[in-house]
Amino acid sequence: MNPIEVIPLRAFSDNYIWTLRDSTHAAVVDPGDAKPVLQYLRAERLELVAILNTHHHPDHIGGNAELLKHYRVPVYGPHDDRIHEVTHRLKDGERISVPHFGTEFEVFEIPGHTRTHIAFYGGKMLFSGDTLFAVGCGKLFEGTPQQMFDSLSRLMQLPDDTRVYCGHEYTLSNIRFARAADPDNAALRELEAKAAKLRELGQPTLPSSIGQERATNPFVRCTEPAIVRSASAKAGKKLDTPVAVLGAIREWKNQF
Ligand code: ZN
Ligand code: FE
């Protein structure tokens, strides 16, 4: 089989539809819009073999139905009735093998952004949806700081060289906040320069890696003294658990 590439297709203002492809076939993660996918498949003469969904938000599933009109393919997603098109509802620890590619993904249930959010992990790739972003995490629409803390901690167990494909291009604005929360972090300054250059060229800043997130993402660094200090200052009280720190910096970022 020929080599597999992972291509970002842009949707809406800042979504990425991550597309696994070789020279003949493709699978898409979180097709919020069918149009860019159909255009790409036609232009590249690729046949769609699967759809993967991380969570039920419209900007991640909105293209499912239209794509299914053109291709009869399995749709892998969480146990959540709000995504009607899912054909294979997945639980934590289950494995799927993407048709044609044979790439195996393990499913992680990672609640926090939504109640039923999942991630797909395999082949040194992590599709993290809106739970883990480069230098950030998703808003807690249906979850608690404890859930987000547990979900992120779990992802941080993965090897440092795992590539992280997340749902949005939020890196630069996330870095701006992270520099306020973690002001002396040199890795953050370096990443900011690199990411700014990429954005000037119109390039994605993604994928990130687990190693990069461990070095730069304040939401997975809630035990770092500098972050505990700035979060406590912001909250006006001494925060003595990492979960409390995560909750405080999530609130802080919501208003940043
Ligand atoms: Zn979302
Ligand atoms: Fe989203």
Side-chain angles (χ1 to χ4, degrees), residues 6-20 27-37 51-67 75-86 89-90 92 105 107-121 125-152 154-155 163-178 195 199 204-208 213 217 219-220 246-247 249-251 253-256:
V6 185
I7 306 289
L9 302 181
R10 307 198 47 172
F12 312 114
S13 58
D14 49 32
N15 280 77
Y16 288 124
I17 301 168
W18 293 106
T19 302
L20 255 68
V28 289
V29 182
D30 285 352
D33 187 2
K35 213 179 293 158
V37 177
I51 297 172
L52 284 67
N53 288 154
T54 62
H55 68 295
H56 75 284
H57 285 156
D59 63 314
H60 297 255
I61 66 165
N64 284 354
E66 180 68 21
L67 289 173
V75 182
Y76 302 98
H79 282 267
D80 191 322
D81 298 342
R82 295 172 293 187
I83 317 177
H84 305 301
E85 299 85 11
V86 172
R89 297 201 184 269
L90 303 168
D92 193 79
F105 288 109
V107 172
F108 299 148
E109 288 177 7
I110 47 169
H113 177 64
T114 70
R115 195 160 40 72
T116 61
H117 197 300
I118 59 173
F120 297 93
Y121 170 65
M125 300 178 278
L126 174 72
F127 294 95
S128 61
D130 286 0
T131 299
L132 173 65
F133 290 125
V135 201
C137 73
K139 286 188 177 157
L140 302 179
F141 288 124
E142 300 177 0
T144 61
Q146 179 75 57
Q147 283 176 317
M148 182 56 88
F149 178 81
D150 292 341
S151 295
L152 294 176
R154 175 134 184 238
L155 299 181
R163 295 192 302 279
V164 177
Y165 297 91
C166 47
H168 294 264
E169 179 62 63
Y170 287 160
T171 312
L172 276 182
S173 62
N174 284 347
I175 292 173
R176 235 169 284 131
F177 171 74
R199 295 309 291 148
T205 61
L206 305 169
S208 176
E213 293 316 304
N217 189 329
F219 296 92
V220 307
L246 187 149
I249 60 174
R250 187 57 264 182
E251 283 286 307
K253 177 147 198 306
N254 290 348
Q255 288 135 33
F256 190 76

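Indexing begins at 1, ligand by ligand and atom by atom, following the structure's order. Since we're looking at a predicted model, the values are computed, not measured.
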Exercise. To the nearest 10°, how many degrees is the angle Asp130 OD2 to the Zn ion (ligand 1) to His57 ND1?
Worked result: 170°
Exercise. In degrees, rounded to 10 degrees, what angle do His55 atom NE2 and His113 atom NE2 make at the Zn ion (ligand 1)?
Worked result: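 Centred on the Zn ion (ligand 1), the NE2/NE2 angle is 100° (to 10°).
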For this session: May I ask you to decide if the ring planes of Tyr121 and Phe108 are parallel, tilted or perpendicular, using 30° and 60° as cut-offs?
Result: parallel
Exercise. Is the His55 ring parallel, tilted or perpendicular to the His117 ring (thresholds 30°, 60°)?
Worked result: parallel
For this session: Enter the distance from Thr54:OG1 to His60:NE2 here, rounded to the nearest 0.5 Å.
Result: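 Output value for this atom pair is 5.5 Å.
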Exercise. In Å and rounded to the nearest 0.5 Å, what is the CD to OG distance from Glu213 to Ser128?
Worked result: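 Those atoms lie 8.0 Å apart.
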For this session: Can you check the number of protein N/O/S atoms within less than 2.8 Å of the Fe ion (ligand 2)?
Result: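 With waters ignored, the protein N/O/S count below 2.8 Å is 4.
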For this session: Report yes if some heavy atom in the side chain of Leu152 is under 4.5 Å from a heavy atom in the side chain of Leu132; otherwise report no.
Result: yes
Exercise. In this structure, are over 12 heavy atoms from other groups packed under 6.0 Å from His79 atom NE2?
Worked result: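 For His79, atom NE2 is crowded (more than 12 foreign heavy atoms under 6.0 Å).
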Exercise. Do NZ/NE/NH1/NH2 and the carboxylate oxygens of Asp33 and Lys35 come within less than 4.0 Å?
Worked result: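 Judged by the 4.0 Å cut-off on N to carboxylate O distance, Asp33 and Lys35 do not form a salt bridge.
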